[in-house]
Amino acid sequence: MGLWIDVARVATGLNVLLLGGLSYVWMRNYWRFRSKHTLGLSVFALLLLGENALALYFYFVHQILSAWFATAVPSIAWKAMMTLHVLEFAALVFLTWVTWD
């Protein structure tokens with residue numbers, strides 16, 4: 001079970017980094033062009049960044065939930081969480097590539 005936890009945590013941390021970069025680019029573009037599309041992308045990135053930052057907080061900092069995640073969460077639940085975090089990471093990698101190109 002420890003492998004699933006580690007993969008989910010790493011993917012979530014990488015998601016935070018990618019979303020930070022995307023937020024920076026899209027907010028810069030919004031301030032420059034003032035388009036609703038860049039505003040929408042910025043809001044999307046900031047909300048998803050908040051979700052991933054909260055997940056990292058729960059995984060590492062929150063005393064009760066981090067202990068519960070490490071000891072009491074069934075393996076099937078960790079596999080599901082890990083799959084969602086990794087799929088999100090793959091989507092963000094593609095979105096980052098498209099944005100920076």
Approximate separation, where rounding is to 0.5 Å, of Ile64 CD1 and Phe58 CZ: 11.0 Å
From CG (Asn52) to CG (Leu47), nearest 0.5 Å: 11.5 Å
Would you say the side-chain atoms of Asp101 pair up with the backbone N or O of Trp97, donor to acceptor, closer than 3.5 Å? no
Considering residues at least two apart in sequence or located in another chain, which fulfil the side chain to side chain contact (heavy atoms under 4.5 Å, CB included) criterion with Leu14? Val10, Leu17, Phe89
Mark yes or no: Arg34 above the aromatic ring of Tyr30, with NZ or CZ under 6.0 Å from the six-membered ring centre and no more than 45 degrees from the axis. yes
Distance from Thr12 atom OG1 to Met82 atom CE, nearest 0.5 Å? 11.0 Å
Hey, do the aromatic rings of Tyr59 and Trp78 have their centres closer than 6.0 Å? yes
Looking at OG1 of Thr96 and CG of Leu19, how far apart are the two atoms once the value is rounded to the nearest 0.5 Å? 7.5 Å
Which of Arg28, Met27, His37 passes side-chain contact (heavy atoms from CB on, under 4.5 Å) with Ser42? Answer is Met27
In this structure, CG of Leu18 is separated from CG of Leu95 (nearest 0.5 Å) by 9.5 Å
Output the distance between atom CG (Leu56) and atom NE2 (His85), rounded to the nearest 0.5 Å. 8.0 Å
Check the angle between the aromatic planes of Trp26 and Phe44 and answer parallel, tilted or perpendicular using the 30° and 60° thresholds. tilted
Within 6.0 Å of CZ in Phe60, more than 12 heavy atoms from elsewhere: yes
